[in-house]
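First the proteins, then the strands, lettered A, B, ... as listed; each starts at 1. Atom set for the values below is all heavy atoms of this structure, side chains included, hydrogens, waters and symmetry mates excluded.
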Amino acid sequence: MIDKILADQIAVTVNKLYNLSLSASELSISKTRKEFVGDYTLVVFPFVKAARKSPEQCANEIGQTLVAQYPFVESFNVIKGFLNIIVSGSEWLNFFGQEFNKSTFGFAETKSDETIVVEYSSPNTNKPLHLGHVRNNLLGFSVSQILKANGKNVKMVNLVNDRGIHICKSMLAWAKYGEGETPESTGLKGDHLVGKYYVLFDKHYKEEIAGLIESGYKKEEAEKSAPLILEAQAMLRKWEQGDAETIRLWKMMNSWVYQGFDETYKRMGVSFDKIYYESETYLLGKDLVQKGLASGVLFHKEDGSVWCDLTGDGFDEKLLLRADGTSVYMTQDLGTAMLRYNEFKPEKMVYVVGNEQDYHFNVLRLVLKKLGASWAKEIYHLSYGMVELPQGKMKSREGTVVDADDLIDGMVQTAREMTEQLGKLDDFSSEEAKLLHYNIAMGALKYFILKVDPKKTMMFNPAESIDFNGNTGPFIQYTYARICSVIRKAAERGIKVSDKLTYGIEILGEKEKSLIKMLHDFPGVVQEAGNNLSPALIANYIFELAKEYNQFYHDHYIIHEEVESIRQFRLDLSSFTASVIKNGMNLLGINVPGKM
RNA sequence: GGUCGCGUAGCUCAGCUGGAUAGAGCAGCAGCCUUCUAAGCUGCGGGUCAUUGGUUCGAAUCCUAUCGCGAUCACCA
């Protein structure tokens, strides 16, 4: 980008002047802050010693040399140790035009062979998706889009946790208390129906425990010997033995859940290339353990359990097989990672999983490495923070979880109310209006979540998330819709919208220049975000862009009285801005409506 | 207790590979609809960047220590 080219040339000049050998990346060159005059700023403090001159002398010297040597350096000014460089408009635009023709916003045109597997979502089939899953899904999907835009061959995968004692709990509760209820008979979404029985199990289980404690049991004993939990464990054993009736029940209830999940995924706008089921993968990893034992990486304890000694690496010993030969979470994950690696031979495997599993992934990488997997270092744990509510943490047992479907319903409802209140959609058909409500609601929700740094614990305030003012998705959608409106209206007046910025350079103001430069830097942002896996960065960038455009719009309120060249330029600018906003929002998985 | 993460305006968050006077939005106050979308715009007030010591021309940013909050250290997944 222009920054780099500029930096290269400045490096040549500085090196020659002071007999140094600095690379462009070692120079501190940034865009000039808006309160100062200039386009780019070089910090000269680092050369002061070599130059044996004051910062001001040094900066002036470099500035004069640059102006003399390069036509695109128009002039400069010096404030303390800061050299502000002013780039010549026409030279700069010339460069800009070339770059613009070469590529559109830096999205790779050719796909690389590099495959990246992104695992996200990974729900349990015993309860509906909640707010925490929403953050997971949006992050996973956004990151995948960002990587795709960077030319990677992305495989989005989901590992569904469809077996285990927790699944048996809801199965058992349904069998005992369900009276044959189905999604059809109740009108409930399948995942909600199953979730209802999971809660019901917990309720009855707690009652049994309380009863046992009253009759003299200790708490731990009561928890272990309550009839319900024993029954659930028995059911799990039956499942593992392939008992026909148990499997039938399990398949039926899971199919309800999947239908419910599909609906929620669809509403969130996320999708997967491949879905793994834990019931099919939970035995994986055992052969890895055998190999590990053979090679001496793993060892047996007296009771027959298998462990990996990680004490030399700052971790504890890690269990991989129980004494009875059954595997644990880590064993399965080792097996699944191996399976996935062999299947895709990816350059990187991204796991979108909450930060409470940081330890797990550190251990996973380490054990894989010890087992001889050279690719273990390519596992990237996209670790995200919890979502908290104003009342505190979400706890399913205390009923303080925010259900994903309820949340989306609420957002759509609010969008509808706001829209009707403003009376803007009078000329919309009911279908159009419905779609718009959905787009606005999801835009608000998605942006609200994605604008926060993934690794940080975030506060989810329902009241604020549906605010349509300020740094929000709807603000950006609104801005985009207005740009489209300008273009549309101009077309009605017969003004052509061209793709190239070849007009009006003489009348470019500072604002236009800085706006175009911001757009021009967009590819860099994508690149950086792709590498850092940070949708938050893109979200904030798009907001800045939308804000800048709004400012521009208000500064040039009356366009139809202006001269043709200015019109032409403004239109180019508008269409350019529009596409950048749209591309950026697409990266985040947010729809932007053309009119609002 | 060990390890990891976080601490920036009343609130929610940017900024963190060291650069100029630390930025947005919300909330509060004062203005702006005859023109293309007021879901908007303008202005005002609001800060010991948790504390401490260091590194240097320069620290919210890097390092030490302390305090506070959280996660984790399961034969749960």
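- In this structure, A:R340 satisfies the cation-pi test against A:Y276, with its NZ or CZ atom closer than 6.0 Å to the six-membered ring centre and inside 45 degrees of the ring normal.
- Here B:rA77 presents its P atom at 11 Å from CE of A:M330, a figure rounded to the nearest Å.
- If you check distances only, the side chain of A:N84 does reach the base of B:rA20 with a donor-acceptor pair under 3.5 Å.
- In this structure, a donor-acceptor pair under 3.5 Å is present between the side chains of A:E61 and A:Y18.
- When each of B:rU12, B:rA38, B:rC6 is scored by its nearest atom to the side-chain atoms of A:E464, the top-ranked nucleotide is B:rU12.
- Remark on RNA chain B: of its neighbouring residues A:N540 and A:F475, the 5'-side contact belongs to A:N540, judged by nearest-heavy-atom nucleotide.
- At the heavy-atom level, A:F543 lies under 4.0 Å from the strands shown only through sugar-phosphate atoms.
- Here A:Q357 lies in heavy-atom contact (under 4.0 Å) with a base.
- Distance noted for atom C1' between B:rG1 and B:rA14: 36 Å (whole Å).
- The residue A:K455 sits close only to the backbone: its heavy atoms come under 4.0 Å of sugar-phosphate atoms, none of a base.
- No side-chain N or O of A:N362 forms a donor-acceptor pair with one of A:H381 less than 3.5 Å apart.
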Enumerate donor-acceptor pairs with a distance under 3.5 Å from any side-chain N or O in residues 448-463 of chain A to protein atoms, sequence neighbours excluded.
| from | atom 1 | to | atom 2 | distance (Å) |
| --- | --- | --- | --- | --- |
| A:K451 | NZ | A:N471 | O | 3.1 |
| A:D453 | OD1 | A:K455 | N | 3.2 |
| A:N461 | OD1 | A:A463 | N | 3.0 |

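- Panel note: side chain A:D162, backbone A:S279; a donor-acceptor pair is recorded below 3.5 Å.
- Rounded to the nearest 0.5 angstrom, A:S305 OG and A:F299 CZ are separated by 8.0 Å.
- Note on A:N362: nothing from the nucleic acid sits closer than 4.0 angstrom, heavy atoms only.
- Between the side chain of A:T472 and the base of B:rA39, no donor-acceptor pair under 3.5 Å is found.
- With distances taken from any side-chain atom of A:K595 to the nucleotides B:rU37, B:rA77, B:rC75, the minimum falls on B:rU37.
- Rounded to an integer number of Å, the gap from NZ of A:K318 to P of B:rU72 is 13 Å.
- Screening A:E221, A:E223, A:K224 for a side-chain contact (heavy atoms from CB on, under 4.5 Å) involving A:I209 leaves a single residue, A:E223.
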- line: Under a 4.0 Å heavy-atom criterion, the protein footprint on nucleotides 56-61 of chain B, written with B, S and -, is -B----
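- Remark: ring of A:F82 overlaps the six-membered base ring of B:rA20 in a stacked fashion, centroids less than 5.5 Å apart, planes less than 30° apart.
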- request: Could you provide the dot-bracket string of RNA chain B, using ( ) for intrastrand pairs, [ ] for crossing pairs and | for bases paired to another strand, with Watson-Crick or G-U pairs below 3.5 Å?
  value: ((((((((.[[[[.)...(...]]]].(((((.......))))).....[[.[[..)....]].]])))))))....
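- As judged by a 4.0 angstrom heavy-atom cut-off over every strand, A:N161 is placed among residues touching the sugar-phosphate backbone only.
- If you find the closest nucleotide of RNA chain B to A:A536 and to A:S327, the one lying nearer the 5' end belongs to A:A536.
- An OP1 or OP2 oxygen of B:rG19 is reached within less than 4.0 angstrom by no side-chain nitrogen or oxygen of A:K80.
- Within 4.0 Å (heavy atoms only), A:Y359 reaches sugar-phosphate atoms of the nucleic acid but no base atom.
- Among the atoms of the strands shown, none is found under 4.0 Å from any heavy atom of A:M418.
- Look at CG on A:D453: it is 10 Å from C1' on B:rA14, rounded to the nearest Å.
- At least one test fails for A:K318 against the ring of A:W307: distance under 6.0 Å to the centre or angle within 45° of the axis.
- Heavy atoms of A:T479 sit nowhere under 4.0 angstrom from any nucleic acid atom.
- Using atom C1' as the reference point in both B:rG15 and B:rU55, the two lie 22 Å apart (nearest Å).
- Computed from coordinates, the A:F468 CZ to B:rG25 P distance equals 19 Å when rounded to whole Å.
- For the pair A:K595 and A:F428, the distance from NZ or CZ to the six-membered ring centre is under 6.0 Å and the angle to the ring normal is within 45 degrees.
- Glycosidic conformation of B:rC36: anti, with the torsion beyond 90° of 0.
- Side-chain proximity of A:K547 to the nucleotides B:rA20, B:rA24, B:rC26 is greatest for B:rA24.
- In the set B:rU72, B:rA39, B:rC75, B:rU72 carries the atom at the smallest distance from any side-chain atom of A:E356.
- For B:rC75, neither phosphate oxygen OP1 nor OP2 lies less than 4.0 angstrom from any side-chain nitrogen or oxygen of A:K301.
- Annotation: B:rC69 and B:rU8 have their C1' atoms spaced 16 Å apart (nearest Å).
- A donor-acceptor pair shorter than 3.5 Å can be found between the side chains of A:S121 and A:N137.
- Taking side-chain N and O atoms only, A:R163 has no distance below 4.0 Å to OP1 or OP2 of B:rC76.
- Residue contacts shown for A:V452 are limited to sugar-phosphate atoms, with no base heavy atom under 4.0 Å away.
- Between the CG atom of A:N471 and the C1' atom of B:rA14 there is a distance of 9 Å, given to the nearest Å.
- Applying the 4.0 Å criterion to OP1 and OP2 of B:rU37, one finds that A:S485 has a side-chain N or O inside that range.
- Cation-pi geometry between A:R163 and A:Y282 is met: under 6.0 angstrom from the ring centre, within 45 degrees of the axis.
- In this structure, A:I62 and A:F47 have side chains that are in contact, with non-hydrogen atoms separated by less than 4.5 Å.
- Of the listed nucleotides (B:rA39, B:rC13, B:rG7), B:rG7 has the atom at the smallest distance from the side chain of A:K456.
- Across all strands shown, A:I165 has no heavy atoms under 4.0 Å from either base or sugar-phosphate atoms.
- Across the protein-nucleic acid pair, A:Q233 atom CD and B:rC76 atom P stand 10 Å apart, rounded to whole Å.
- Backbone-only contact: A:M459 has heavy atoms under 4.0 Å from sugar-phosphate atoms and none from a base.
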